[in-house]
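Report on the following structure.
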Amino acid sequence: MPMTRRDFLSASAGLALVPALGGRVVAAPVPREADIVVIGAGAAGIAAARRIAAANRKVIVVEASGQIGGRCQTDASSFGVPFDRGARWMHNPETNPMIRLARAAGLEIVTAPAGQKIRIGRRYARPGETEEFLAALVRTNRAIDDASRKADIACAAALPKDLGDWTGTAEFLLGAGFSGKDLKDVSAVDKVRAQDRNTAIGCRQGLGALVAKLGEQLPLSLSTPAQRISWSNRDVMVETPSGKITARAAIITVSSNVLTSGNIKFAPELPKRALDAAAKLSLGSYDRIALQLPGNPLGLSRDDVIVEQSNSTKTALLYGNIGGSSLCTIDIGGSFGRDLSAQGEKAMTAFAVEWLTKLYGSEAGAAVKKTSVTRWNASPFILGAMSAAVPGAQQSRKILSEPIGCVYLAGEATHETLWGTVDGAWESGERAADAALRRIGAIRDTTPEPAPAAKPRRRTPHHPAGPMN
């Protein structure tokens with residue numbers, strides 16, 4: 001008997017409350033068949049699989065890498081405190097199911113620090129300078145908003161001409177820091193449609209740890225890349241090194257860059273319409289350089305966020321004394337971050353030390369101890385950070401979410417307003433799961449529940465947050 005949507009949502013919520021099996025992922029051999037197969041164990045894949053399991057349908061998640069999380073990865077060993085190498089924040093605490101699930105799982109939820117401090121040379125900005133900076137951001141956002149109502153142009157084309165000394169900082173925060181791309185490569189409509197992200201919520205144990213926790217009881221096959229997907233309107237077959245899986249539907253949650261890379265073969269080929277949409281939603285670049293700075297040589301408060309007044313986008317964001325520890329991260333993005341990351345860990349660390357020395361003096365650079373960097377563009381199963389539509393291509397997100405036979409695409413790139421976030425990835429996974437379950441007759445709609453209205457956006461940016469956040 002098909003479940004009603006009300007029954008289904010109730011069961012899906014209850015899934016979070018089942019005790020974990022020894023705190024470990026349930027390792028599952030690849031079955032020969034399933035009702036629905038999910039490709040990818042990031043936030044979208046875990047969300048989809050939880051929905052399917054709650055509907056009492058057979059699901060298997062195949063993940064190319066050796067761990068759950070996708071672009072949500074927490075390193076708890078390198079520095080003795082949790083370090084989110086990818087996505088760091090969740091948003092919209094009133095409506096985000098991940099926050100409720102985190103609390104139910106016994107994880108600690110924390111609110112991100114509000115705003116940022118601004119460094120001008122070797123001093124902090126004075127109150128009047130800070131007001132000037134915030135006013136510049138507001139004017140820039142308004143200019144992009146106004147331009148987007150006329151045409152889907154590049155955000156850079158709408159920039160006010162009188163930002164002066166704040167030009168580079170504004171471009172970094174609103175471009176590379178927000179989407180991983182320079183403003184010249186970002187659709188104005190896509191940016192304006194991005195839902196409010198000003199209330200940021202973190203997980204003290206790490207966002208990657210949360211996603212892994214929520215995937216604990218699912219049937220997962222790690223280190224199992226999907227090599228070939230044969231699909232039709234009736235069924236789908238996924239070929240992996242561990243065998244073939246036949247299913248009634250598939251949910252594919254790989255990044256837009258992986259989808260267009262050709263690493264997964266499709267038979268027949270995916271429609272050109274979908275591939276073109278994915279190409280126009282390519283991933284930006286966003287990486288972190290993590291530094292251990294014992295003794296707080298920068299004199300920072302807990303969870304301080306620092307940016308600099310810069311005349312170029314060759315700049316960064318400092319997130320200091322994370323959780324009250326000696327760990328700091330320096331975030332880089334856009335074309336500058338991409339070029340620097342391509343040069344490798346040594347070059348990235350050298351930039352971080354040079355940047356700290358410029359802002360805080362030689363003692364700061366000399367205080368750096370242990371380091372670690374992320375290089376998401378070189379990660380073969382991700383190939384970048386978060387999606388950002390090129391100018392003129394905002395509609396590509398809707399196109400990418402369209403069903404293809406019995407195949408459904410999910411992931412942050414398919415979300416029209418929460419793209420680039422874990423929230424958007426999670427919602428897209430649930431959406432795709434609902435569609436696939438309806439297709440196989442596992443749930444039927446009762447009276448549809450109204451979607452929560454999007455909150456109005458503030459016109460000042462929140463913290464850049466790394467791959468897919």
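The first residue in the sequence is number 1, and the count goes up from there.
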Using side-chain heavy atoms (C-beta onward) and a distance below 4.5 Å, is Val38 in contact with Ile60? no
With distance as the sole test, does Thr169 use its side chain to make a donor-acceptor pair with the main-chain N or O of Ser310 at under 3.5 Å? yes
Has Asp287 got a side-chain atom pairing as donor or acceptor with Trp376's backbone, closer than 3.5 angstrom? yes
Verify the neighbour count for atom CD of Glu402: are there more than 12 heavy atoms of other residues, nucleotides or ligands below 6.0 Å? yes
Between Arg193 and Ser187, is there a side-chain heavy-atom distance shorter than 4.5 Å? no
Please check if the side chain of Arg50 supplies one atom and the backbone of Leu214 the other of a donor-acceptor pair under 3.5 Å. yes
Between Leu340 and Lys314, does the side chain to side chain contact (heavy atoms under 4.5 Å, CB included) criterion hold? Intermediate values first, please. CA-CA 10 Å; Leu340 185 60; Lys314 294 182 178 181; over 6 Å; no
Just so I know, are the side chains of Ile201 and Thr111 near enough to count as touching, which here means a heavy-atom distance under 4.5 Å? yes
How about Thr74 and Gln205: do any of their side-chain heavy atoms sit closer than 4.5 Å? no
What is the minimum heavy-atom distance between Ala49 and Val59, and which atoms define it? O-CG1, 4.1 Å
Report yes if some heavy atom in the side chain of His415 is under 4.5 Å from a heavy atom in the side chain of Asp423; otherwise report no. no
For the pair Arg439 (side chain) and Gly405 (backbone), establish whether a donor and an acceptor sit closer than 3.5 Å, ignoring hydrogens and angles. yes
Ignoring hydrogens, what is the shortest heavy-atom contact between Ile404 and Pro271? Give both atom names and the distance. CG2-CD, 3.6 Å
Under 4.5 Å between any side-chain heavy atoms of Pro268 and Trp231, yes or no? yes
Closer than 3.5 angstrom, by distance alone: can the side chain of Ser255 be matched with the main-chain N or O of Ile382 as a donor-acceptor pair? yes
Tell me if the centroids of the rings in Tyr319 and Trp89 come within less than 6.0 Å of each other. yes
Less than 4.5 Å apart, any side-chain heavy atom of Lys191 and any of Ser179? no
Can you check whether Thr240 reaches Val238 side chain to side chain, under 4.5 Å on heavy atoms? yes
Specify the closest pair of heavy atoms between Ala385 and Ser285, including all atoms of both residues, with the distance to one decimal. CB-C, 4.1 Å
Distance, nearest 0.5 Å, that separates CH2 of Trp426 from CG of Asn96: 9.5 Å
Check the pair Arg88, Asp331 against side chain to side chain contact (heavy atoms under 4.5 Å, CB included), reporting the backbone distance first and the verdict last. CA-CA 12 Å; Arg88 176 178 274 159; Asp331 293 10; 3.7 Å; yes
Heavy-atom pair of closest approach, residues Ala267 and Arg228: CB-NH2, 3.2 Å
Is Ser148 reaching over with its side chain to a backbone N or O of Val189, donor-acceptor style, under 3.5 angstrom? no
Give a yes or no on whether the backbone of Val390 and the side-chain of Lys181 come within a donor-acceptor separation of less than 3.5 Å. no
Counting only N and O atoms by type, is there a donor-acceptor contact under 3.5 Å from the side chain of Arg288 to the main-chain atoms of Asp84? yes
Would you say Gln227 has more than 12 foreign heavy atoms packed within less than 6.0 Å of its CD? yes
As a quick check of understanding, evaluate side chain to side chain contact (heavy atoms under 4.5 Å, CB included) for Ile251 and Ile52, giving each step before the final call. CA-CA 11 Å; Ile251 297 173; Ile52 298 161; 4.0 Å; yes
